[in-house]
Each structure stands twice: as structure tokens, then as C-alpha cells.
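Worksheet for the structure shown next.
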Amino acid sequence: MGRKSVAVLDIRSTEVAVIIGERGVNNTFVLKASATEDYDGYDEKEFYDTKGLKDAIYRAVSAVEEMCGERIRELYVGVPGVFCRVEPKEKSIGFPKKRRIGQREIDALFTSGREPLEGYRFIRATSMIFTTADSRRVIDPTGLSSDTLSGCLSYFYCSDYFADLMEEIFGEMKIALRYIPTQYAMASYLIPSETRDEYALFLDVGFLSSTILILLGGGVIVQSTSMVGRLQIAVRIAEKFGVPYEVAVGLVSKANLYARANTGNLEYIYQGQSYEVDANILAETVKDALDELCEEIGGFLEDYSGKNLECKPVYVSGEGLYEIRGALEHVSKRLSRVCEQLAPDLPYYNKPSMSSPISLIDMACEDHRKGGILYRILNGFGG
């Protein structure tokens, strides 16, 4: 791996991907190697099959190392929402006299609010907004002069279960690990910073689970994950039509929720066998399943109705709703608010299913840059 390259592990609902990449010109990325492997997924607390997960990760790492011709020594691991927790806090620190705010002062503020959380491990702190002594509210206070510094901060934790399992897997490979909250990385990359200056809503719909976040500035106020995703749609189809689960998964993307009236049958061929389903009943079945997701989102929004979110759109990404024609429009109608599909604005990678790997590469590259010696020298001293 080159000095600017990073390796990331993206753990989605039913597959793991290991990618090596670096930033290119004009905010692009160069992906040097990638490998994806299927596995069985997880529930609210743990992975279904840890051995299967380990084997999938090992195959993906081995494939990428073979492509690059060298070993991975450091890996950025994306922490799925179900294993991640966000704790917002308001903290303030004072200085003996007015001074120019630098990275040292910002780090001291973050440290002041960092506390242990039972069953979890601290992985990152970010800021929603900073406030100086003269009541200036800014996203970045660097260079300002003040004798106090306050902030609305977000502290991210991953579960001990997840971290212990990852370290067990990669300890055998002698690979050092760094953790990144996956959905926070996605929201930060996909939603422009000026949009996040006020409250913003982000929804990542996956295969097994969906995670919704309320963002403010560079931080997260709250994050919630529910076990509702594309799988639940497939299960409903399988039960409704009495078809094998694998067939139901394929039929999900065949539904057309746009059509005012679906007529006739749809044919799907799996392993040489033809299956036919009524197009209208298929569309209605998908809508019923999507209503479960809408109920989860609606309940979440009701719980945080005091955050001036009523007119805010929901920014949606992930592979869950991707390729289901009319799904976003149905969710928007049920929630009575605009839903906007987001994906990386990059050639070849401009699909919602690519949002998590590209976002993880982006945040890993930034962390790697900030961990460099030159950056620490230039930013390691306060005023």
C-alpha cells in the first residue's frame, strides 16, 4: 500500500467488503483493490455466525492482499449502526487568559466530556457547534481568540462485543484496527456541510436493518437502528406467493410502485425454473412491507418532534430501497415529507449501494491524513 492509501472493512447486512483506496484529484477516489464476500448477517445484539463472518473477512482480506501484492497492516473498520451508540453532550472549558484557539484547545474540550460507557468502547468525538466567550457560534473555532470554549459534542462508541470480535479476528492476522461509525461517515460524506449547519435527517436502509440519524454541524444528536430493511420485503413476498426465499429476493426489484394499475403476471426465472406472480399483488405486498419501515421512521420523528424537523427532508441512501421503482415516493407519501435519494457523485460509483464503502474510504483518508507527522506538527500546538 502507498503512503496515501488506506484499507477499510465495510460490514453491511449480508456482505463484507475490504477496499484499498486513496483520494484522487477533484474529490475523486482511486480504488486499487476490493473484494466482497457474503455472510449471514446480524440481529440487534450479535452476528448470527461468527465463524462464517471470520471466514468471509479472511477471504476478502486475502483476495485484496493478493491483488496488491503486499500485506495490510492497518485497517479502518466500519461499525454498523446496530453496534454503535452516540452520546451527545454540552461541555465547556476555561483558560487562564484569552488565547488563540488551536487543536490543543479543541482536543482538551473533547477530552473533558469523554467518559466510559458500560458495554461500549469509545471510538470518536465530533462537534455539532462551538461557542466562544463572546457568544460566537461556529463550526470551527480554530484561529479565534477566547478565554473559554464551549461545544455541543457527539461521542461515538462501539459495543465491546463488536470490538472484541474484530480484534480476535484481526489479531491473528496482525492487523491494527481503527473504528469508524459507518452511518456517520455516510451522512458526513453525502450531505453537504452547509445543509448540516442546521438539523438534517439521514436514513440508511440496508438489507437487514435501517439506521436514522439527526445531524447538526459536524456531529450527531441521535442515532437509532431498527431491524427493518429489504429482507422484510422479501419475506412478505415469499409468504404471500409461497415462493422460495431466493426467488422472493429477486422479485423485490421487479415491483413497480409507480404504476397506477399493475396488470398481468410477472415472470422470474431462478435456477431454470419459472415463477409467475400477479404484478398488482406484488406491488401492494411491497408497499405493505415498506409501511413497517415508515412506522419506525414516523415513531422516531415523533420522539424528536421538538427539534424543528417538520419541514426537513429525509436524505436516504443504502441498498435497501435501491432498484425498487417508486419505493422512495411511497415512503415520502407515508411520512408526508420529501425523501431525497443520495449516492456518491462519482463516475462508476454513483449508486446508493456504493455509499458506505466510498464514505468509509473518505473518512479513513481524512483520519490517515490527520495522523501524519506533518499534520501533527502543524496542528499540535495551541495559541
Side-chain angles (χ1 to χ4, degrees), residues 10-17 36-43 48 80-82 186 203-212 225-298 314-335 339-343 350-357:
D10 183 19
I11 302 176
R12 297 299 285 177
S13 298
T14 58
E15 63 182 27
V16 298
T36 301
E37 294 287 339
D38 295 334
Y39 80 112
D40 288 342
Y42 50 76
D43 59 19
Y48 291 127
V82 73
M186 293 172 68
L203 174 65
D204 172 31
V205 184
F207 195 84
L208 288 174
S209 64
S210 297
T211 299
I212 187 167
T225 299
S226 57
M227 301 309 293
V228 180
R230 196 180 182 99
L231 170 67
Q232 285 70 26
I233 302 175
V235 168
R236 284 212 175 209
I237 293 173
E239 293 174 348
K240 186 70 175 181
F241 295 102
V243 298
Y245 167 73
E246 294 78 8
V247 174
V249 171
L251 285 170
V252 172
S253 58
K254 291 283 188 179
N256 184 359
L257 312 190
Y258 277 122
R260 293 184 177 180
N262 287 290
T263 58
N265 290 339
L266 289 172
E267 182 182 26
Y268 184 78
I269 298 176
Y270 177 73
Q271 293 185 343
Q273 184 173 348
S274 175
Y275 297 86
E276 287 193 359
V277 298
D278 183 281
N280 187 59
I281 297 177
L282 175 64
E284 292 302 317
T285 303
V286 172
K287 289 178 182 179
D288 289 343
L290 287 175
D291 288 346
E292 290 186 31
L293 175 63
C294 294
E295 289 176 7
E296 292 285 343
I297 301 169
V314 178
Y315 296 102
V316 184
S317 199
E319 67 275 18
L321 302 185
Y322 178 57
E323 292 183 334
I324 306 177
R325 288 169 291 180
L328 205 62
E329 289 75 7
H330 180 78
V331 172
S332 178
K333 183 178 179 180
R334 283 298 311 273
L335 296 178
C339 290
E340 182 179 337
Q341 186 83 69
L342 297 184
N350 56 349
K351 298 179 180 179
S353 56
M354 288 299 297
S355 293
S356 59

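What you see below is based on every heavy atom in this structure, not just the backbone, and it leaves out hydrogens, waters and symmetry mates.
Donor-acceptor pairing under 3.5 Å is recorded for the side chains of S274 and E267.
Between L231 and S13, every side-chain heavy-atom pair lies at or beyond the 4.5 Å cut-off. For the pair V331 and V205, the minimum side-chain heavy-atom distance is 4.5 Å or more. Between V249 and F207, some side-chain heavy-atom pair lies under the 4.5 Å cut-off. The closest side-chain heavy-atom distance from D291 to H330 is below 4.5 Å. Side chains of Y322 and K351 form a contact here, defined as non-hydrogen atoms less than 4.5 Å apart. No side-chain heavy atom of E329 sits less than 4.5 Å from a side-chain heavy atom of L257.
Partners of S355 under the side chain to side chain donor-acceptor pair (under 3.5 Å) rule, at least two apart in sequence or in another chain, are S317. Every residue meeting the side-chain contact (heavy atoms from CB on, under 4.5 Å) condition with K254, not counting sequence neighbours, appears here in chain and number order: L251, L266, Y268, L282.
Note that CG of D278 is 10.0 Å distant from CD of E284, once rounded to the nearest 0.5 Å. Distance check, rounded to the nearest 0.5 Å: CG of L321 to CG of D204 gives 10.0 Å. Interatomic distance, CG of N265 versus CD1 of I281, reported as 9.0 Å (0.5 Å rounding). In this structure, OH in Y42 is found 9.0 Å from OG1 in T14, a value given to the nearest 0.5 Å. Rounded to the nearest 0.5 angstrom, E295 CD and L290 CG are separated by 11.5 Å. Going from atom CZ of R12 over to atom CG of D38 covers 14.0 Å, rounded to the nearest 0.5 Å.
Of the possible polar contacts, none joining the S353 side chain to the E319 backbone as a donor-acceptor pair under 3.5 Å is found. For the pair Q341 (side chain) and V316 (backbone), a donor-acceptor distance under 3.5 Å is present. Between the side chain of S332 and the backbone N or O of L328 there is no donor-acceptor pair closer than 3.5 Å.
Taking each heavy atom of T36 and A17 in turn, the nearest pair found is OG1-CB, 3.7 Å. Contact between D10 and P357 at its shortest, heavy atoms only, is OD2-CD, 3.3 Å. Summarising the geometry of V82 relative to D43, their closest heavy-atom pair is CG2-O, 3.5 Å, with the distance given to 0.1 Å. The minimum heavy-atom distance between P352 and A343, with the atom names listed, is N-CB, 3.6 Å. Across all their heavy atoms, G229 and S210 have their closest contact at CA-OG, 4.2 Å. Between G41 and L208, the shortest heavy-atom contact is CA-CD1, 3.7 Å.
For residues 226-246, the set of pairs meeting the side-chain hydrogen bond (donor to acceptor under 3.5 Å, both in side chains) definition, not counting sequence neighbours, comprises R236-E292.
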